[in-house]
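See below for the structure under consideration.
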Amino acid sequence: MTGWIAVAGLGPGDEGLVTPEVSAMLAEASDVVGYIPYVARVALRAGLTAHPSDNRVELDRANLALNMAAEGRRVAVVSSGDPGVFAMAAAVFEALEARPDPAAFDIRVLPGITAMLAAAARLGAPLGHDFCAINLSDNLKPWDLIERRLRLAAQAGFAMAFYNPRSRSRPHQFARALDVLREECGGGRLISFARAVSTPEEALQTVTLAEAVPEMADMRTVVILGNPDTRRIGRFVYTPRVAG
Ligand code: SAH
């Protein structure tokens, strides 16, 4: 097979946060596959065909990429941020697992700057100690499991980054998540809302859990909850390296 697939992360939005490795790969690709707004971020040129698709069709998209690679095409599968964080890399491997000849495919995964790291850098150092990342969407897992993970991570003292916090199709769940976190962490814990980081619409807001309201988040927001030691220093939020 002469074709290949590169599953690449485009970073949080700013051109300067696309890695040189990803730019070089896009210059070699013949096709770019991904969710509509992400494909729109790739500059089209002669010889590069765009295959944008709607949300929630990740497996179809992954299979399209595998089929094109099998035909000898050089396929970029693009995600925002990092492709391994709640994005296309796992979907490509899921599609690959169902093929009779997985070893025949030439597949690379090229990392990108994920939203929580871009947001953390803007805020200061809220993830300076142990942390975890939780996807608050219940598309691919039951809400009970999300709630259980929130409680256990809170009890373990992790700072947390929340992806996909609140969408129009499930507006009540983030309110419930905040209630669970207040129960476990108390109202004084710092929580930051980082929206559209590294784009012209970027907005950052840090409040206590007692002050947090669901409307502070939407699907372009990554939410960062501090650990018990997280504090403010001037306009920054930081979590000390030492705990306990
Ligand atoms: N693979 C992506 C995450 C995809 S899930 C990554 O690594 O960043 C989509 C979620 O990512 C959004 O709902 C939001 O929570 C977060 N996100 C993506 N880009 C963002 C940005 N520029 N600013 C804030 N959050 C962002």
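Counting starts at 1 for both ligands and their atoms, in listed order.
- Between Ile113 and ligand 1, no N or O atom pair is found at a separation short of 3.5 Å.
- For a threshold of 3.5 Å applied to N or O pairs, the pair formed by Gly13 and ligand 1 contains no separation below that value.
- For ligand 1, the polar-atom distance check finds an N/O of Val197 within less than 3.5 Å of one of the ligand's N/O atoms.
- Every atom of ligand 1 is numbered from 1 in the order shown, and the set under 4.0 Å from a heavy atom of Pro12 is 22 (N).
- Protein heavy atom nearest atom 13 (O) of ligand 1, with residue, atom name and distance: Met219 O, 2.6 Å.
- Side-chain atoms of Ile5 and Met68, non-hydrogen and from C-beta on, never get closer than 4.5 Å to each other.
- Cluster membership check: Phe193 shares its hydrophobic cluster with Leu150, using side-chain heavy-atom separations under 4.5 Å among Ile, Leu, Val, Met, Phe, Trp and Tyr.
- At the shortest separation from atom 8 (O) of ligand 1 among protein heavy atoms lies Ala115 N, 2.9 Å.
- Of the polar atoms of Val85, at least one N or O is found under 3.5 Å from an N or O of ligand 1, judged by distance alone.
- Under 4.0 Å from ligand 1, the heavy atoms of Arg220 that appear belong solely to its backbone.
- Interface of Phe86 with ligand 1, defined as ligand atoms under 4.0 Å from a residue heavy atom, comprises 4 (C), 5 (S).
- The shortest N/O to N/O separation between Thr199 and ligand 1 does not fall below 3.5 Å.
- Below 3.5 Å of separation, one finds an N or O of Asn164 facing an N or O of ligand 1.
- No N or O atom of Tyr163 sits closer than 3.5 Å to an N or O atom of ligand 1.
- The distance from ligand 1 to the heavy atoms of Ala194 drops below 4.0 Å at these ligand atoms: 24 (C).
- Looking at Ala87 next to ligand 1, no N or O pair under 3.5 Å apart turns up.
- In terms of polar-atom proximity, Arg195 is not counted as a contact of ligand 1, lacking any N or O under 3.5 Å from an N or O of the ligand.
- Considering both main-chain and side-chain atoms, Tyr38 never comes within under 3.5 Å of ligand 1 through any nitrogen or oxygen pair.
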